[in-house]
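Only one structure is covered here, and it is reproduced in the block below.
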Amino acid sequence: MNEKTYDIAVLKGDGIGLEVVDEAIKVLEALDAPKFNFSEHPCGAGHYLEHGDPLPKSTVEACRQADAVLLGAMGLPHVRWPDGTEMRPQVDLRFMLDLYAGVRPIYLYSEAHTPLKGLQAGDIDFVILRENVEGLFASMNGGIELRGEVAVDSMVITRSGTERIARYAFQLARKRQRQPMKVTCVDKANVFKSMAFFRAIFDEVAAEFADVERDYAYIDALAMYLVQRPQSYDVLVSENMFGDIISDLAAGLVGGLGMAPSGDIGEDAAVFQPSHGTAPDIAGKGLANPVAAILSAALMLRWLGESHSDPAAERGAERIEVAVRCIVQEPGVGTPDLGGVMNTGELGDTIVGVL
Ligand code: ATP
């Protein structure tokens, strides 16, 4: 058997990032195939305090060279740039590596995890596709403040940026093979020129995918529909800021941020990380749910499998998802956020045990 070995750059970061990445690595190492070389690289607000840089060039270079990147979480509320803004090296990395597709699968593993009534495991199963490198975040670190009385951040929508994220959305719907395959364009095209442009380009791309249903939702209405009928969505695509907000709302439908994995994917690089931040309130206490990080590792395997035509990697992804399902489908099993009494390491070990 021609077994592949992947070089994985590990960026643990700050807060619970350190704890949950360790569990993801534990789970990956428990697979018989593929194999991994993990190399850890410095980053985060803690590194800034000691060395003056939250994202050293050598770390960015290691991310470029690796087959994939596994990231924990970065940033600490009290560690700020001289202008008072919080440092967000994980967002900077998306721009540097042009990781334009923010892929956030939302899946309900147990009816006990959702605050909604009458839903069973598997009833919520959709993917949010967040455009990651333009939109309202294009202004990041570059907005204008005038005389202490006017501040402006701009929404930046480009044709090429919208085409590639829309195309990714339709291709993803085809891969998922849900019936009916559907892509929902989430925007505010009734008010903003930038959003009307986003929708117009979405429509142009949609014409290439006649087999996939196209759907539209204004961001405000979508916030309500996601709560009322989350079952009706398959793939949702949006600009950066809207995608950021609906990702957290959607995570709340399936058990919270500890259950929400993500992948930031570009043409030449990809970073996989839980959707949550560093959660300083629970850091160092063993309370962090490692499932989002473990499912992000599964997402990484699926991406490696597709990009290297490696069935072993795709099988590994599926095995991890099944193991997670076996454990957390029982009400009250898991870390405290899931209503359980396990600590971070115990939940990781239990998943490894099932593998
Ligand atoms: P960021 O802005 O960096 O995304 P945030 O301010 O939105 O971060 P998080 O760090 O994601 O906040 O945490 C929000 C809350 O969610 C935390 O207070 C924590 O209680 C909870 N939380 C986040 N991740 C987890 C996890 N893995 N396990 C359990 N609880 C979590």
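No experiment lies behind these values; they were computed from the predicted model shown. Note that ligands are numbered from 1 as they come in the structure, with each ligand's atoms numbered from 1 the same way.
Within the structure, ligand 1 has T278 among the residues with a heavy atom less than 4.0 angstrom away. Not a single heavy atom of G75 sits under 4.0 Å from any atom of ligand 1. Ligand 1 lies out of reach of M74, whose nearest heavy atom is not under 4.0 Å from it.
In terms of protein heavy-atom proximity, atom 11 (O) of ligand 1 is closest to G277 N, 2.6 Å. For atom 2 (O) of ligand 1, the nearest non-hydrogen atom of the protein is R88 NH2, 3.4 Å. The nearest heavy-atom contact from the protein to atom 25 (C) of ligand 1 is I16 CD1, 3.9 Å. Of the protein's non-hydrogen atoms, D281 OD2, 2.6 Å is the one closest to atom 18 (O) of ligand 1. In this structure, atom 16 (O) of ligand 1 lies nearest to the protein heavy atom L257 CD1, 4.0 Å. Protein heavy atom closest to atom 22 (N) of ligand 1, with residue, atom name and distance, is A279 CB, 4.2 Å. With hydrogens left out, the protein atom closest to atom 31 (C) of ligand 1 is I282 CD1, 3.8 Å, a heavy atom. Of the protein's non-hydrogen atoms, the one nearest atom 23 (C) of ligand 1 is H276 CB, 3.7 Å.
Side chains of Y109 and R325 form a contact here, defined as non-hydrogen atoms less than 4.5 Å apart. Using a 4.5 Å heavy-atom cutoff, the side chains of F209 and M181 are not in contact. Between Y6 and P34 there is a side-chain heavy-atom pair separated by less than 4.5 Å.
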Begin with the C-alpha distance, continue with both residues' side-chain angles, and end with the deciding distance and a verdict on side chain to side chain donor-acceptor pair (under 3.5 Å) for E131 and S238. CA-CA 6 Å; E131 200 298 321; S238 80; over 6 Å; no

Evaluate the side chain to side chain donor-acceptor pair (under 3.5 Å) criterion for residues S262 and R104: first the C-alpha distance (whole Å), next the side-chain angles of each, then the deciding distance (0.1 Å), finally the verdict. CA-CA 5 Å; S262 83; R104 281 108 188 269; 4.6 Å; no

Is there a side chain to side chain donor-acceptor pair (under 3.5 Å) between Y216 and D203? Walk through the geometry before answering. CA-CA 10 Å; Y216 308 91; D203 278 335; 2.4 Å; yes

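E330 and S110 share no donor-acceptor pair across their side chains, judged by distance under 3.5 Å alone.
Looking at N289 against ligand 1, both its backbone and its side chain come within 4.0 Å, counting heavy atoms. Using a 4.0 Å cut-off between heavy atoms, M259 makes no contact with ligand 1 at all. Looking at V20 against ligand 1, nothing comes within 4.0 Å, counting heavy atoms.
Counting atoms of ligand 1 from 1 in the listed order, those under 4.0 Å from a heavy atom of A288 are 28 (N). Here is the list of ligand 1 atoms found below 4.0 Å of a heavy atom in G258: 26 (C), 27 (N).
Screening K182, R176, K175 for a salt bridge (charged side-chain N to carboxylate O under 4.0 Å, His left out) with D234, the sole residue that qualifies is R176. When the options E314, E318, E321 are evaluated for a side-chain hydrogen bond (donor to acceptor under 3.5 Å, both in side chains) with R302, the one that passes is E321.
Proximity of atom 5 (P) of ligand 1 to the protein is not indicated, since no non-hydrogen protein atom lies closer than 4.0 angstrom. Protein heavy atoms are found less than 4.0 angstrom from atom 29 (C) of ligand 1.
A salt bridge does not link D310 with R315: every distance from a Lys NZ or Arg NE/NH1/NH2 to an Asp or Glu carboxylate oxygen is 4.0 Å or more.
Note that R199 lies outside the cation-pi zone of F202, set by a 6.0 Å cut-off to the ring centre and a 45° limit from the axis.
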